[in-house]
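A, B, ... follow the sequence lines: proteins, then strands. Residue 1 opens every chain.
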Number of protein chains: 2
Amino acid sequence: MDRRQRKTRNAIFQAFTRLLEKKTYSALTVQEIIDEADISRSTFYAHFETKDELLKAMCTDIFNHVFSHEIMSEEHHDFSDKGSFQDHITHILCHLQEKQQTIKGLFSGECGEIFMRYLKEYLYQVFDRQLVDDKDIPREYRLNHAVSSFAETVRWWLGRHSDYSPEEIGRFYFESVDI
Amino acid sequence: MDRRQRKTRNAIFQAFTRLLEKKTYSALTVQEIIDEADISRSTFYAHFETKDELLKAMCTDIFNHVFSHEIMSEEHHDFSDKGSFQDHITHILCHLQEKQQTIKGLFSGECGEIFMRYLKEYLYQVFDRQLVDDKDIPREYRLNHAVSSFAETVRWWLGRHSDYSPEEIGRFYFESVDI
DNA sequence: ATAGTTACAGAACAATATGTTTGTTATCAT
DNA sequence: ATGATAACAAACATATTGTTCTGTAACTAT
């Protein structure tokens, strides 16, 4: 990738992140992002068709980092016992904590909806293999419950209670949900 | 309230609901709502300052119905045992089911974020009184978990699996969460 | 080093949406 | 019946969006 492209792409991402700390996604205009990133109007549209595409690109970047070697490495990991799966989840929480500053602004407004949907898509893959069946409750419901609860746990943690450690959060979650 | 006001307010609400079945909230323009409701531009702005205010007003309307005599009647209801609390929750689910057609469109995009936040605000009041303490997990986390899980249960139910009954959904929830 | 390619800046542009204002007509409450 | 109020129609300024153009600077490959 061209160095110039990388630079402007980063400038846009950082400007976007900074602005999201001050105001909500929907109240944010493309012009403000352009001004904050200090680039030309035509340059922005050469990179992203719309504000939404920018948001999606940022989510993709984040989750490619957070889930980089998590989902792919099916052979390397065997979560036959519950303990090692909890370690796996805690590992994901650590990655999320690294990206905290970037993620924090992505929790409110339409932004939050899109970010959480992305997060859940990845989590479905992680939890689907692990979930044990239950004759009384539909698997679909239990999977949705496990994934949603975890996603909301992340939002609660990084949004307003980031003083807890990843290990603590993992424990809270696994003591609250049956997998 | 003036009969004319009621009529246009209803026309706007219904137009809004109809349009949300076709496209997302953020893709929806004020002009489209005006056309669908068949009212004048100035009339719309006499009722609501922005599209967001319209959405909030609709949420308030819905939840005033759903939680009408639920939260207020603290004296009348005593949920000392878990069973009667489950009945209470099931009752709320019934009310939500009645408003299903209106609610269904409010689950995606920024719309969903706002609707879910409203729903959770009410649920906090309902669950806060019922939650028993646990020495190992912060009360704040457990409350958030109970509320979020229920809100996501409602979204799952009315969004894509509305063939289940309120009683079934209540059972799914209470078998998945410790209150 | 040079030629060809690609990205950026700057400016102008049409198209669309927003929110407000004005004067008029219709409907309401009593 | 009448004064008050809501709805209407049309026009308005403003702001945002997304596109297009030209000239310039930076990168790449040979």
Side-chain angles (χ1 to χ4, degrees), chain A residues 1-61 105-106 108-114, chain B residues 1-61 105-106 108-114:
Chain A
M1 195 179 188
D2 196 313
R3 184 192 303 157
R4 292 169 295 179
Q5 281 190 35
R6 276 201 309 273
K7 279 171 76 173
T8 51
R9 192 181 163 92
N10 274 333
I12 293 173
F13 278 174
Q14 285 173 21
F16 190 52
T17 303
R18 276 196 301 274
L19 289 171
L20 279 177
E21 292 169 11
K22 297 172 199 165
K23 55 202 299 187
T24 65
Y25 173 76
S26 46
L28 209 63
T29 67
V30 175
Q31 190 60 52
E32 287 176 294
I33 301 170
I34 287 168
D35 292 341
E36 179 76 21
D38 195 28
I39 57 168
S40 167
R41 180 165 198 74
S42 48
T43 303
F44 178 90
Y45 283 105
H47 280 259
F48 306 102
E49 288 192 349
T50 65
K51 198 174 62 169
D52 275 40
E53 293 302 317
L54 163 60
L55 174 57
K56 289 178 187 171
M58 246 188 68
C59 288
T60 302
D61 261 35
L106 298 175
S108 47
E110 185 176 19
C111 216
E113 188 70 19
I114 293 174
Chain B
M1 196 180 188
D2 196 314
R3 185 190 302 156
R4 290 169 295 179
Q5 280 191 27
R6 275 200 310 272
K7 278 171 76 173
T8 52
R9 192 180 163 92
N10 274 332
I12 293 172
F13 278 174
Q14 285 174 21
F16 190 52
T17 304
R18 277 195 301 273
L19 289 170
L20 280 177
E21 292 169 10
K22 296 173 199 164
K23 55 202 298 188
T24 65
Y25 173 77
S26 47
L28 209 63
T29 68
V30 175
Q31 189 60 52
E32 287 175 294
I33 301 170
I34 286 167
D35 292 342
E36 179 77 22
D38 194 30
I39 56 168
S40 166
R41 179 164 199 75
S42 45
T43 302
F44 177 89
Y45 284 104
H47 280 259
F48 306 102
E49 288 191 351
T50 64
K51 197 175 62 169
D52 274 42
E53 293 301 317
L54 163 60
L55 173 57
K56 289 179 189 172
M58 246 188 67
C59 288
T60 303
D61 261 35
L106 299 174
S108 48
E110 186 177 19
C111 215
E113 189 70 19
I114 293 174

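- Pairs passing the salt bridge (charged side-chain N to carboxylate O under 4.0 Å, His left out) check and including a residue from residues 33-51 of chain A, sequence neighbours excluded, read A:R18-A:E36.
- The distance between atom CG of A:L54 and atom C1' of D:dT17, rounded to the nearest whole Å, is 15 Å.
- Rounding to the nearest 0.5 angstrom, the gap separating the CG atom in A:L19 from the CG atom in A:L28 is 5.0 Å.
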List, one per line, each side-chain donor-acceptor pair under 3.5 Å for residues 7-14 of chain A, sequence neighbours excluded.
| residue | atom | partner | partner atom | Å |
| --- | --- | --- | --- | --- |
| A:T8 | OG1 | A:R4 | O | 3.2 |
| A:T8 | OG1 | A:Q5 | O | 3.1 |
| A:T8 | OG1 | A:H47 | NE2 | 2.9 |

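- Checked against salt bridge (charged side-chain N to carboxylate O under 4.0 Å, His left out), B:E110 has no partners two or more places apart in sequence or in another chain.
- Within the helix from C:dA1-D:dT30 to C:dT30-D:dA1, the inter-axis angle between the opening and closing five-pair segments is 50°, rounded to 10°.
- Applying a 4.0 Å cut-off to non-hydrogen atoms, the residues of residues 24-52 of chain A that approach DNA chain D are A:T29, A:V30, A:Q31, A:R41, A:S42, A:Y45, A:T50, listed by residue number.
- Contacts with DNA chain D (heavy atom under 4.0 Å) in residues 2-22 of chain A: A:D2, A:R3, A:R4, listed by number.
- In this structure the side chain of A:V30 never reaches within 4.5 angstrom of the side chain of A:F48, judged on heavy atoms.
- Across B:L20 and B:T24, no two heavy atoms sit closer than the pair CD2-C, 4.3 Å.
- In this structure, A:R3 places its CZ atom where only 12 or fewer heavy-atom neighbours from other residues, nucleotides or ligands lie under 6.0 Å away.
- If you take CG on B:L106 and CG on B:L55, they are separated by 6.5 Å, rounding to the nearest 0.5 Å.
- Of the possible donor and acceptor atoms, none in the side chain of A:Y25 sits under 3.5 Å from a partner among the backbone N and O of A:G105.
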